[in-house]
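Naming: A, B, ... by sequence-line order, numbering from 1 per chain.
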Amino acid sequence: MAERITPRSEDYSRWYTDVVLQARLADYSPVKGCMVIRPNGYAIWEKIQQVLDKKFKETGHVNAYFPLFIPESFMKKEAEHVEGFAPECAVVTHGGGEELEEPLYVRPTSETIIWSMYKKWIMSYRDLPILINQWANVVRWEMRTRLFLRTTEFLWQEGHTAHATEEEAEEEARRILEIYRSFAEDYMAMPVITGQKTENEKFAGAVRTYSIEAMMQDKKALQAGTSHYLGENFARAFDVKFQDKDGQVKYVHATSWGVSTRLIGALIMTHGDDQGLIIPPRIAPTQLVIVPIWQESTRTKVLEFSERVYRQLKEKFDVKLDDRDQYKPGYKFTEWEIQGIPIRVEIGPRDVDANQVVLVRRDTREKIPVGLDRLMEEAEKLLDTIQKSLFERALKMRKENTFRVDDYREFQDVLEKGAFLESHWCGNTECELKIKEETKATIRNIPFDREEETGKCIYCGQPSTGRVVFARAY
RNA sequence: CGGGGCGUAGCGCAGUCUGGUUAGCGCGCUUGGUUCGGGACCAAGAGGUCGCCAGUUCAAAUCUGGCCGCCCCGACCA
C-alpha cells in the first residue's frame with residue numbers, strides 16, 4: 001500500500017494531516033480554507049452532539065435556530081465585539097442580482113442577532129432566564145487554516161443565556177464549563193485544565209472568559225471549549241432591560257459558550273498513534289468491528305458464527321461486521337486501525353471450533369481470546385479499560401511535560417522542548433505580551449484550582465499571588 | 001501579506017537541467033481466476049487538454065513571461 005502515515009516523530013503536523021485524510025474524517029474542499037467533513041468525521045461530531053445536547057437539556061437548555069446573516073449595523077453595536085471580529089468576517093453585499101441596502105455579515109458568532117431578539121422577548125424578571133443553545137455553522141475568515149483545528153467555516157454549538165443577576169449568569173458560565181470539562185475528560189478521555197482567560201485572551205465583548213485547555217502530543221496547548229460571562233455588554237448594546245421583582249428596571253446579564261468541530265482535532269492529537277486514529281470507546285461511533293477470517297472450506301461456518309456474534313453484540317454496542325469478500329483480513333485490520341475503532345473482534349475457524357472470539361485492543365494491540373458465554377461482559381469491561389487507560393495515558397503525558405518554573409531563562413529553555421509551564425505572573429498585560437513576543441508562549445488560563453502562593457512574576461519580578469499556565473498553542 | 005515547496009492518470013511520483021518517436025512507474029480501478037489468522041497473487045484491460053494563458057521554435061511536459069491553485073513555516077484566531 002502506497003499510502004503511509006508519516007510517523008509522529010518525523011513530522012507531527014504531517015502526521016495529523018495524514019490521519020485526517022486516511023481515516024477519511026475530512027477532505028480538502030474546492031473552497032480555500034474550507035473542508036468537507038466525511039461520514040467518518042461527521043459520525044464523531046454526531047456523537048459529540050448527542051452527548052452534549054443531552055447534558056444541555058438536562059440543565060434546562062433548549063435548542064433554537066437564528067439566521068446565518070447578520071445586518072452590519074448589529075455587528076457594530078458592541079464596540080469590543082466589532083473590533084474583535086470585523087477583520088475576519090465574510091460580508092454579503094449583493095443579493096437577488098442587486099447591491100444590498102445594508103451589507104449582511106455571515107455570522108462569526110451570533111451574540112448580536114440573538115440579543116436583538118432577546119430585546120423583543122424580555123420584559124419582566126418572569127421572562128428570565130432564557131437558556132438557548134443552537135447547533136450551527138459559523139464563518140471566520142482565517143489566514144491560515146488546518147483541517148478541524150481552524151477552518152474558514154466550522155460547525156459548533158453556541159449557547160446564549162440571559163439572566164436577572166450577575167451571580168446567576170456567572171453560575172451558568174461556570175456550570176457550562178464544568179459540562180465541557182466532564183465531557184472532555186469522561187467521554188473524550190482528554191484531561192483538561194479549567195480556568196479563566198486573561199484580559200488579553202478573553203472573548204471580544206466578554207467580561208470574563210473561561211476555558212478548558214488540553215495538551216496535545218506535541219506538547220502544544222489546544223483550547224477545547226470556552227464559556228463567557230458577558231456582563232451587561234450586549235444588553236446595553238441592544239437595550240435589553242427587564243423590570244425586576246423590586247420594580248426596578250435593570251439590564252440583563254448574559255453568557256455565551258461553545259465547542260466546535262475543533263474537538264475532533266483535539267481527539268486526534270490526544271490519542272492517535274503512528275497507525276492512525278484512536279477513538280475512546282465512549283465517543284466512538286463504532287466500538288467494535290468483527291473481522292471474519294475464512295478459507296473456502298470454512299467460509300460458511302465462520303460467517304454464520306460471525307453473524308451470530310454480531311447479532312449478540314449489537315444488543316448492547318455499536319458494532320460493525322466486515323464481511324467484505326474482496327479484502328483479506330490483514331487489509332481490514334489495518335484499515336480499521338487507521339480509523340481508530342477501539343476493539344477488533346477476530347473470528348477464524350479455530351475460534352469457531354473453540355466457541356470463542358479474539359478481542360484486539362486498538363490502543364495496545366493486545367489480543368484476548370474470549371469464550372462466547374463471557375463475550376458481552378468481557379467486551380464491556382475491555383471498552384471501559386480502554387477508556388480509562390487512554391485518559392490515564394494522556395494525563396501522564398501532560399504531567400510529565402508540565403513544569404513549575406521560576407526563572408525566565410529556564411522558562412525559555414524548557415519551552416523549547418515543548419511543555420506547559422506553571423509560572424508566576426504579575427497580572428499585567430504588558431508582561432504577558434512581552435513573553436508572547438519573545439517566546440511565542442501565551443497564558444492558556446489561570447487555573448481554578450491553583451494554589452495560593454506568593455511569588456515573583458517570571459518576567460518583571462513584581463509580586464504575584466499564584467501561578468498561571470503558559471504554553472505555545474494551536 | 002512575507003519565506004519555502006509543489007502542480008504530469010483517482011492517489012503518490014519519474015521525466016524538465018541538456019526541447020525531438022505511440023509521456024512512463026507504483027498504488028488504486030475494471031474483468032476473470034486462484035487466495036484469505038497482519039496491507040495476497042496471476043492474467044487481461046480502462047484511464048492523460050502534462051494547472052491556465054501567451055510567447056520562442058520546424059518541434060514545448062521540457063525554454064521565457066504572466067496568471068491561478070494547493071501544501072508547509074511565520075503575523076491573527078475556536
Which part of the nucleic acid does A:Pro87 contact within heavy-atom distance under 4.0 Å: base, sugar-phosphate only, or nothing? nothing
Need one value for A:Gln223: base, sugar-phosphate or nothing, where a base atom within 4.0 Å counts as base even if backbone is also close, heavy atoms only. sugar-phosphate
Would you mind reading off the distance between A:Met35 atom CE and B:C71 atom P, rounded to a whole angstrom? 13 Å
Do the side chains of A:Arg299 and A:Glu304 get close enough for a salt bridge, i.e. N-O under 4.0 angstrom? no
Please work out if A:Val259 contacts a base, only the sugar-phosphate, or nothing of the nucleic acid, heavy-atom cut-off 4.0 Å. nothing
Atom-to-atom span, OH of A:Tyr474 to P of B:C76 - whole angstrom: 18 Å
Counting only Watson-Crick pairs (N1-N3 plus N6-O4 or O6-N4) and G-U wobbles (N1-O2, O6-N3), all under 3.5 Å, who is the partner of B:C27? B:G10
For the pair made of CZ in A:Arg14 and P in B:C72, what is the distance, rounded to whole Å? 10 Å
Before accepting this row, confirm whether a basic side-chain N of the pair A:Arg365/A:Glu337 lies closer than 4.0 Å to the acidic partner's carboxylate O. yes
Figure out the OH/C1' separation between A:Tyr331 and B:C27, and round it to whole Å. 11 Å
Between B:G37 and A:Lys328, is there an OP1 or OP2 to side-chain N/O distance shorter than 4.0 Å? yes
Contact class for A:Asp351 vs. all strands (heavy atom < 4.0 Å): base, sugar-phosphate, or nothing? base
Among A:Glu178, A:Arg181, A:Lys202, A:Glu170, side-chain hydrogen bond (donor to acceptor under 3.5 Å, both in side chains) partner for A:Tyr210: A:Glu170
Considering only atom C1', compute the distance from B:G45 to B:U8 and round it to an integer number of Å. 22 Å
State whether A:Glu58 and A:Lys55 are salt-bridged, where the test is any N-O pair (Lys NZ or Arg NE/NH1/NH2 against Asp/Glu carboxylate O) under 4.0 Å. no
Do A:Glu337 side-chain and B:G38 base share a donor-acceptor contact under 3.5 Å? yes
B:A23 to B:G65 separation - C1' atoms, rounded to the nearest Å: 25 Å
On the nucleotide B:C71, are OP1 or OP2 found under 4.0 Å from the side-chain N or O atoms that A:Thr17 carries? no
Round to the nearest Å and state the distance from A:Asp18 atom CG to B:C72 atom C1'. 13 Å
Rounded P spacing from B:A40 to B:C77 in Å: 49 Å
Counting only Watson-Crick pairs (N1-N3 plus N6-O4 or O6-N4) and G-U wobbles (N1-O2, O6-N3), all under 3.5 Å, who is the partner of B:A61? none
Nucleotide nearest A:Pro349 when distance is taken to its side chain, options B:U35, B:C76, B:G37: B:G37
Between the side-chain atoms of A:Arg140 and the base atoms of B:C77, is any donor-acceptor pair under 3.5 Å? no
